[in-house]
Amino acid sequence: MQNVNEDTITEIVLSRHADSGDERLKQIVTSLVKHLHSFARDVNLTEEEWFKGIQFLTDVGHITDDKRQEFILLSDTLGLSMLVTALNNRKPKGCTEATVFGPFFVEGAPEYENGDDVANGAKGEPCFVSGKVTGTHGEPVGNAHIEVWQADSDGFYDVQHAELAQSQARGSLRSRADGTFHFKSITAESYPIPHDGPVGRMLKALGRHPWRPAHLHFMIEAPGYERLITHVFRAGDQYLNSDAVFGVRSSLIADWQQHPAGRAPDGSDCPTTFSTLDFTFVLNPVGVETSGDAGKTAAVSASS
Ligand code: BEZ
Ligand code: FE
């Protein structure tokens, strides 16, 4: 085909994919090309702007390595990660809602027993976390595998401290037979996502801040239930309504109770102020799905 023009180019590009043997790939690329072309027409994209975009994506690639994933950060800050999370986690009413995974999960974090201190030396005010894992009928879910991870009071995850040899403020434990679990950690504080690269420059140019409200990450897995990836957010945080990655759901906001120095829930004498958090996680049994718009939670079918 020759002499393509602004009116014919989209259909001509799409026709080149007609023989792809991979139907799903064809569906995705077709939609992507249509939307990209619509976008260029919509804003009447100049050649200079097109090249600026190419340079921006090149910078995103150059700063990305096995420790820094700027493409995920870009997806997070444009709301794409949260959209994909919502599309893939439609759950019946009453289930704990999912939110973004984030780039700071680490496979193979230390395993802990109930009552242990997962902070492992991380900087921050002590926090005593207790919780329960249940199914949708309130049945306790014992032996659930619970992964937790969080930033320290300087706003950094252990993996962001280049000099740190051991894991800090992350680990896994299991719920007891009655679904309960508890551990010691540090009080979650709000922190900025990495913003010293192209995504940070983009946020600045758009008049946006890079902050996330204080939160604790959880990933909970148990046989017979869907894996839950979520956070618990700290009530009262100033960034709850402007999370840089759009991850806040009001059902995930909880009170971190503040306490003066003194007797802690584990019976020890805590020499500093400390906080306590209690949260129940409701898992969705495998095979129970919802339909309708992303994020809506009306149950329509159940099978077991
Ligand atoms: C996080 O909560 O760890 C996170 C999520 C998205 C981008 C950066 C950090
Ligand atoms: Fe986080």
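All values reported here derive from a predicted model rather than from experimental measurement. Both ligands and their constituent atoms are indexed starting at 1 by order of listing.
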Numbered atoms of ligand 1 (with element) below 4.0 Å of [X], judged on heavy atoms:
X: H217; answer: 1 (C), 2 (O), 3 (O)
X: H215; answer: 2 (O)
X: Y191; answer: 1 (C), 2 (O), 3 (O), 4 (C), 9 (C)
X: G102; answer: 4 (C), 5 (C), 6 (C)
X: L73; answer: 7 (C), 8 (C)

(Q) Any carboxylate oxygen within less than 4.0 angstrom of a Lys/Arg side-chain nitrogen, looking at E23 and K26? (A) yes
Q) Judged by modelled atom types alone, do E125 and T273 share a side-chain donor-acceptor pair under 3.5 Å? A) yes
Q | Heteroatom test (N, O or S) for Y157 near the Fe ion (ligand 2), limit 2.8 Å | A | yes
Q) Should the pair F274 and H259 be assigned to parallel (<30°), tilted (30 to 60°) or perpendicular (>60°) ring geometry? A) parallel
(Q) Over 60° means perpendicular and under 30° means parallel, so tell me whether H231 and H215 are parallel, tilted or perpendicular. (A) parallel
Q. Do the non-hydrogen side-chain atoms of N114 and F181 ever get within less than 4.5 Å of each other?
A. yes
Q) Looking only at distance, does Y157 have an N or O less than 3.5 Å from an N or O of ligand 1? A) yes
Give me the residue, atom name and distance of the protein heavy atom closest to [atom].
atom: atom 9 (C) of ligand 1; answer: P103 CD, 3.4 Å
atom: atom 6 (C) of ligand 1; answer: D76 OD2, 3.1 Å
atom: atom 2 (O) of ligand 1; answer: R212 NH1, 2.5 Å

Q: Show the numbers, then the answer: is there a side chain to side chain donor-acceptor pair (under 3.5 Å) between R41 and T10?
A: CA-CA 11 Å; R41 290 188 181 98; T10 305; 2.9 Å; yes
Q.
Other residues, nucleotides and ligands only: do more than 12 of their heavy atoms fall within 6.0 Å of CZ on F246?
A. yes
Q | Angle, NE2 of H217 through the Fe ion (ligand 2) to NE2 of H215 - 10° precision | A | 90°
Q: Could you tell me whether W149 and F101 have their ring centroids closer than 6.0 angstrom?
A: yes
